[in-house]
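Report on the structure given below.
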Amino acid sequence: MIEFDKFTLDNGLRVIVHTDVSSPLVCMNILYDVGARDESEEQTGFAHLFEHLMFGGSVNIPSYDTPLQEVGGENNAFTNNDVTNYYLTLPAANIETGFWLESDRMLSLAFSEKSLEVQRNVVIEEFKQRYLNQPYGDEWLLLRPLAYKVHPYRWATIGKEIKHIEDAQIDDVKSFFKRFYHPANAILVVTGNVKTAAVKMLAEKWFGPIPSGEKVQRNLPAEPKQKAANYETVYRDVPADSINKVYHMPGRMDKSYHAIDLLSDILGRGHSARLYQALVKDKPLFSEISAHLMGSFDPGLLVINGRLNESVDHKMADKEIELVLKQLSNEVLPEQEVQKVKNKAESTHVFGELGIMNKAMNLAFAELLDEANMVNKEIDRIQAVTAADIHKAAKEILRPENCTTLYYLKKA
């Protein structure tokens, strides 16, 4: 149980405080309600570019990292298709430095051609290094537009192509910042050795004067139902053939989400999972195979990924995957197997909330999705899933016509 207090500033900034006196540190987490799904199709990669630009200094603070490091703090950030998240930890006695730094870059990020050029080059190099010049690096650059036809999940967080980042202009960047990076579109969570009264005073002092901005209203196109199996084959310079299979599923807040999450665990989490037992241990077709959910806010994907052993025919191996899925869809699972994956999921959730940083992130995500107390209901929702729920999810999700398959094969 994570206890917390919550209040909202006049400018719309939601603030959540969780006190943990056992820690000498404080974590500040600022979640901005902006991700790659909010980009224009002609200007992708902007949310991720902004993650980098936000560390380039603000009008009053030329270097973000220096003053934080001087008081014993550290920081990082990440962007995905749904959100952008910034977090820092520092000694509790120096908490005001965190408020000063975060509020100043929310209010007055320094926009300069030099900063844009530096961060643009960093992102372009990351694009090349992680996605283009690495084995299997472009799998998701290929899979997303195969699986999605209209929803903006069809491009990756890094962007559709390098040219979009190369062509980014300072006015485009300023416009993106004005639209998304303001109090009404953000959630601040403070966890650790701090009291709510102190956080409220600091939040009012440092964030209160920042103009509110307008909360973004999304009108994203809904992905149409996939009606036929979709296949694509590519050849790359890789050490082993790979099969990626993705199945459309509901979004994060759908009532069936936890059943589908447990279904993916039964299929591909660990060496006791169905796919591993059948296709790595019993029939050595794959060297590794796993399943997971994308976990996206909007309707997302259940993913199966496997690396084939040498000389195994990929189409034959794919049929073996389908046999495992069909068998699973045609049976109600034994209660013992269901309880095992539920216990694993509960354990993962509990261990994921031990540190003040994870607590801060989980509270922020829960507040954005629904309300912060959702973090305290997750275990009950996991344990409420029945074998019948998982069986229903399997029949609805694991249909061949609901699947996109990418054969990622090594060059001859």
Side-chain angles (χ1 to χ4, degrees), residues 1-34 54 58 61 64 67-68 70-78 83-107 181-213 215 349-380:
M1 181 79 173
I2 300 178
E3 295 182 353
F4 61 88
D5 294 316
K6 184 169 72 171
F7 58 90
T8 303
L9 301 185
D10 291 342
N11 58 14
L13 180 67
R14 286 176 277 176
V15 185
I16 298 170
V17 186
H18 164 69
T19 301
D20 181 356
V21 295
S22 69
S23 172
L25 303 174
V26 165
C27 175
M28 286 184 64
N29 190 99
I30 295 192
L31 183 68
Y32 288 95
D33 187 8
V34 55
M54 288 284 274
S58 53
I61 306 167
Y64 177 94
L68 184 64
E70 286 175 349
V71 297
E74 56 185 32
N75 68 92
N76 214 328
F78 64 83
V83 299
T84 305
N85 194 64
Y86 299 86
Y87 53 96
L88 63 85
T89 55
L90 73 175
N94 299 328
I95 184 175
E96 190 160 8
T97 299
F99 277 84
W100 168 57
L101 287 167
E102 291 295 343
S103 64
D104 199 65
R105 66 177 176 178
M106 181 188 284
L107 171 67
Y181 289 80
H182 52 73
N185 207 49
I187 297 167
L188 168 64
V189 181
V190 184
T191 59
N193 198 351
V194 66
K195 297 289 195 292
T196 299
V199 172
K200 195 162 190 175
M201 180 193 71
L202 291 169
E204 293 281 7
K205 176 182 177 180
W206 291 104
F207 287 95
I210 301 175
S212 174
K215 186 74 179 80
H349 181 76
V350 170
F351 281 110
E353 290 185 343
L354 290 180
I356 58 172
M357 185 185 299
N358 285 345
K359 288 177 184 176
M361 288 186 191
N362 290 344
L363 284 165
F365 271 80
E367 178 68 19
L368 182 59
L369 278 164
D370 183 24
E371 49 94 19
N373 197 47
M374 194 173 82
V375 298
N376 293 319
K377 301 175 182 177
E378 282 292 283
I379 291 176
D380 289 341

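This is a predicted model, so every value here is computed, not measured.
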Testing the basics here: between [X] and [Y], what is the closest heavy-atom pair and its distance to 0.1 Å?
X: Ala203; Y: Phe99; value: N-CE2, 3.7 Å
X: Asn11; Y: Phe207; value: ND2-O, 2.8 Å
X: Pro211; Y: Leu107; value: CD-CD1, 4.0 Å
X: Cys27; Y: Ala360; value: SG-CB, 3.9 Å
X: Ile187; Y: Ala364; value: CD1-O, 3.8 Å
X: Leu68; Y: Leu90; value: CD1-CD1, 4.2 Å

Out of curiosity, [X] [atom1] to [Y] [atom2], how far, rounded to the nearest 0.5 Å?
X: Phe365; Y: Asn85; atom1: CZ; atom2: CG; answer: 5.5 Å
X: Ile2; Y: Thr19; atom1: CD1; atom2: OG1; answer: 12.5 Å
X: Leu188; Y: Ile30; atom1: CG; atom2: CD1; answer: 5.0 Å
X: Met106; Y: Met54; atom1: CE; atom2: CE; answer: 7.0 Å
X: Lys377; Y: Met1; atom1: NZ; atom2: CE; answer: 10.0 Å
X: Asn29; Y: His18; atom1: CG; atom2: NE2; answer: 13.5 Å

Does some side-chain heavy atom of [Y] sit less than 4.5 Å from a side-chain heavy atom of [X]?
X: Asp33; Y: Leu368; answer: yes
X: His182; Y: Ile210; answer: no
X: Glu102; Y: Leu88; answer: yes
X: Leu101; Y: Pro67; answer: yes
X: Phe351; Y: Asn358; answer: no
X: Val190; Y: Ile95; answer: yes

| said: More than 12 heavy atoms of other residues, nucleotides or ligands under 6.0 Å from CD of Glu371: yes or no? | reply: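 Enclosed: over 12 neighbouring heavy atoms sit under 6.0 Å from CD of Glu371.
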
Which residue pairs pass the salt bridge (Lys or Arg N to Asp or Glu O under 4.0 Å) test with at least one member in [range], sequence neighbours excluded?
range: residues 184-210; answer: Glu96-Lys205
range: residues 181-192; answer: none
range: residues 18-32; answer: Asp20-Lys359

| Sub-3.5 Å donor-acceptor pair from the side chain of Thr89 to the main-chain atoms of Val26, do we have one? |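 Between the backbone of Val26 and the side chain of Thr89 there is no qualifying donor-acceptor contact (under 3.5 Å).
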
| request: Step by step, work out the side chain to side chain contact (heavy atoms under 4.5 Å, CB included) result for Phe78 and Met361. | output: CA-CA 11 Å; Phe78 64 83; Met361 288 186 191; 4.0 Å; yes

| task | With sequence neighbours excluded, tell me which residues meet side chain to side chain donor-acceptor pair (under 3.5 Å) with Asn75. | result |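 Result, side chain to side chain donor-acceptor pair (under 3.5 Å) vs Asn75: Asp65.
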
| Parallel, tilted or perpendicular: which fits the ring planes of Tyr181 and Tyr32, with parallel below 30° and perpendicular above 60°? | tilted

| field | side chain to side chain contact (heavy atoms under 4.5 Å, CB included) partners for Asn193, two or more places apart | value |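 For Asn193 the side chain to side chain contact (heavy atoms under 4.5 Å, CB included) partners, ignoring immediate neighbours, are Val21, Ala92.
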
| said: Run the side chain to side chain contact (heavy atoms under 4.5 Å, CB included) test against Thr8 and tell me which residues pass, sequence neighbours left out. | reply: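 Side chain to side chain contact (heavy atoms under 4.5 Å, CB included) list for Thr8, sorted by chain: Arg14.
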
| task | For Val189 and Tyr87, run side chain to side chain contact (heavy atoms under 4.5 Å, CB included): C-alpha distance rounded to whole Å, both residues' side-chain angles, the deciding distance at 0.1 Å, then the answer. | result | CA-CA 9 Å; Val189 181; Tyr87 53 96; over 6 Å; no

| said: Val350 vs Ile379, test: side chain to side chain contact (heavy atoms under 4.5 Å, CB included). Steps then yes/no. | reply: CA-CA 9 Å; Val350 170; Ile379 291 176; 3.8 Å; yes

| field | From CA spacing to verdict: side chain to side chain contact (heavy atoms under 4.5 Å, CB included), Phe4, Asn376 | value | CA-CA 11 Å; Phe4 61 88; Asn376 293 319; 4.1 Å; yes

